[in-house]
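Right, one structure below, let's go through it.
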Amino acid sequence: MVTIGAGVVDPFSRQLTFVLFLSVVVVTLFAALLIAPQRDEVAEFYLGNREMSPLRNGLAMCGDYLSAATLLGSTGLVALTGYDGLLYLCGTTVAWMMVLLVIAEPLRNSGRFTLGDTLALRLPKGGRSVRLALSICTLTICCLYLVAQLVGSVALLTQFTGVPSTTTRTLCVVVIGTIVIVYASLGGMPGATFIQIVKAVMLISGIAVTAVMVLHRFDWNFNALLEAATENSGIGQRFLEPGLRYGASTTSKLDFLSLQLAIVLGLAALPHVMMRLLAPRSTNVLRSSVVWAAGLVGFVCLAACVLGLGATALVGRESIVDTDPKGDAAVLLLAQSIGGGILTALLSCLAFVTLLAVAAGLTLAAASSLAHDLYGEVIRKGRATQAEELGVARLAAVLIGVLGMGLALLSWETNVSTLAFLAFAIAASALLPTLLYSLFWRRFNSRGALLSLCGGLACSVLLVVFSPVVSSTSSSIYPSADFAWFPLQNPGIVSIPAGFFLGWLGTVLAPRQDTSSYEEFEVRALIGAGAGADAE
């Protein structure tokens, strides 16, 4: 039996993983520097090549969204909880329908570089205060998600070395963080797009090949796979019934609903995803790109289901729990079982590359918001030159990367999923209400935007602080303390309605304003008049 202390990956796989990862990093860094913006134009740095085909755009969107949690965490969740894990993955797929049907086209038509441009166009009065609040929310979301990726690199390293020493942990975070800074600060959107496409192709190919190997092992009989997984789960038919993780009690049912709400609604408002939606030059390309992204994400989630069931069927649920109680090692144990050291090394390398790509997109989105919204529009009041703003964006990428590394080292024992889910909850509670009201409610004003942004952010954070995530249970950050009056680990079921309510309340309490500017905004959001020229 392999133990956590000894690591999951054998010495040959470790060496091969290092060689593969180093090769990918060298190639992508060199390519990112070659295609990096050569001129002092913010449009090129923020949006990259706007002439890409729908498939390439779709691959980049897919790469922006899919993190190592999909490969390791989601697969492990299916392996340990069966039905509940399968249901969880459904939310990831459904989330893209919100983007495709509601957000993508009007956001692209009304935006320029960031969501702040959309809000400034829609809410000309109080635009700077709204941009400031938006920058704070964006920085919070990106930092939480970035720290989750960097902490995830330490968790992944654990599968190789066992629990790492302080020096090893620090070296891992610093190396990953430094590479991310180079991608974001020097490569800009062109560099980030390249690594996202490479990552997406590698992820889709790797997970597809592994899923094919699993299905081939069971003669392409999915029922046989389910029966083997049920038999080796150690809990019989309960493995294919709800309640192993979610649904055992009313509280856990509400917690799962809260989590799914945050995932489905939060995706549409994640800063790095919204930034990617602004890149295509035409709405036709955008529509096709989002369809490609939704299809690719759905395929990856379907393959992750097969891998999770395959891990239970071939490795055994008890063996996975003994190796890693959280289940993150399930896909690596499966790879060792069906493909040996080479497949294990390929999937391990893929996990590290996935961490890099997502972290680069997050860093770029945060840096763009700080440079364009905070510095360019709030501090400099629109008087900053393009060269000046570009320099600030590069510096901001460095600062955010360093901040993320510092926070990751301080919180390396924190559950990665907690940080990621909080980021989704804030996006759904603060950014999404503001965006939807701006796009579709004529009366919406800057006071409503400020209340929605600040209130949604504060509500999400406070509910998590006073939840079992922080205190009252053995798995809490402070297990010996007990101030958890909010029973759920995921705040979305309360914070999302609160964000929408505060946006409505702030609007109706403010004096009525002239809404004639909304007519021009509505035309632009619907048909995109002027959107292309603004981003030139």
Side-chain angles (χ1 to χ4, degrees), residues 7-32 62-76 145-162 164 168-184 191-192 194-207 209-210 300 304 307 324 328-336 339 341-363 401 404-405 408-409 412 416 420:
V8 173
V9 182
D10 60 84
F12 169 74
S13 298
R14 294 176 199 168
Q15 296 170 4
L16 183 56
T17 298
F18 177 77
V19 172
L20 291 173
F21 177 69
L22 185 62
S23 301
V24 172
V25 168
V26 170
V27 171
T28 53
L29 276 177
F30 181 69
C62 177
D64 258 323
Y65 178 63
L66 292 175
S67 66
T70 306
L71 177 63
L72 302 179
S74 299
T75 304
Y145 214 173
L146 176 60
V147 171
Q149 303 307 309
L150 295 177
V151 172
S153 70
V154 177
L156 183 57
L157 184 67
T158 302
Q159 312 301 337
F160 290 81
T161 64
T168 304
R169 188 167 64 244
T170 303
L171 183 62
C172 175
V173 171
V174 169
V175 169
I176 297 293
T178 302
I179 297 172
V180 167
I181 289 173
V182 174
Y183 280 135
F194 180 79
I195 181 61
Q196 297 295 4
I197 292 175
V198 170
K199 166 264 191 89
V201 171
M202 290 179 62
L203 179 62
I204 294 167
S205 302
I207 203 169
V209 168
T210 310
V300 171
L307 297 190
D324 183 355
D328 290 342
V331 69
L332 300 182
L333 293 172
L334 173 66
Q336 285 183 341
I342 295 179
L343 183 59
T344 305
L346 288 172
L347 292 181
S348 301
C349 172
L350 182 55
F352 276 114
V353 172
T354 301
L355 287 167
L356 274 180
V358 174
L362 291 164
T363 303
M405 286 187 279
L409 291 174
W412 74 276
V416 175

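The structure presented is a predicted model; accordingly, all values stated were derived computationally and were not measured.
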**Residues that V154 engages under side-chain contact (heavy atoms from CB on, under 4.5 Å), provided they are two or more places apart** =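 Listed in chain order: P164, R169, V173, W412.
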First locate atom [atom1] of [X], then atom [atom2] of [Y], and finally report the distance between them rounded to the nearest 0.5 Å.
| X | Y | atom1 | atom2 | answer |
| --- | --- | --- | --- | --- |
| L307 | I207 | CG | CD1 | 5.0 Å |
| L71 | L350 | CG | CG | 5.5 Å |
| L22 | T17 | CG | OG1 | 12.0 Å |
| L29 | I195 | CG | CD1 | 8.0 Å |
| F21 | L355 | CZ | CG | 8.5 Å |
| Q336 | T344 | CD | OG1 | 4.5 Å |

**Request:** Measure the shortest side-chain to side-chain distance between V358 and L362 over non-hydrogen atoms and say whether it is less than 4.5 angstrom.
**Result:**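 Yes, close enough: below the 4.5 Å cut-off.
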**Prompt:** Are L16 and I342 close enough that some pair of their side-chain heavy atoms sits under 4.5 Å apart?
**Reply:**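 Of all side-chain heavy-atom pairs linking I342 with L16, at least one is under 4.5 Å.
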Would you name the heavy atoms of [X] and [Y] that are closest together and state the gap between them?
| X | Y | answer |
| --- | --- | --- |
| V147 | A408 | CG1-CA, 3.9 Å |
| V300 | I204 | CG2-CG1, 3.9 Å |
| T354 | S67 | CG2-C, 3.2 Å |
| L72 | A351 | CD1-CB, 4.2 Å |
| A420 | A148 | N-CB, 4.2 Å |
| T178 | V174 | OG1-O, 2.6 Å |

**Message:** Checking M405 against I181 for the side-chain contact (heavy atoms from CB on, under 4.5 Å) test, could you report, in this order, the C-alpha distance in whole Å, the side-chain angles of both residues, the deciding distance, and whether it holds?
**Reply:** CA-CA 10 Å; M405 286 187 279; I181 289 173; 3.8 Å; yes
**Asked** So does F18 have more than 12 non-hydrogen atoms from other groups sitting under 6.0 Å from CZ?
**Response**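 Not buried by this count: 12 neighbours or fewer within 6.0 Å.
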Under 3.5 Å: donor-acceptor pair, side chain of [X], backbone of [Y]:
| X | Y | value |
| --- | --- | --- |
| Q196 | C62 | no |
| T28 | V25 | yes |
| K199 | L356 | no |

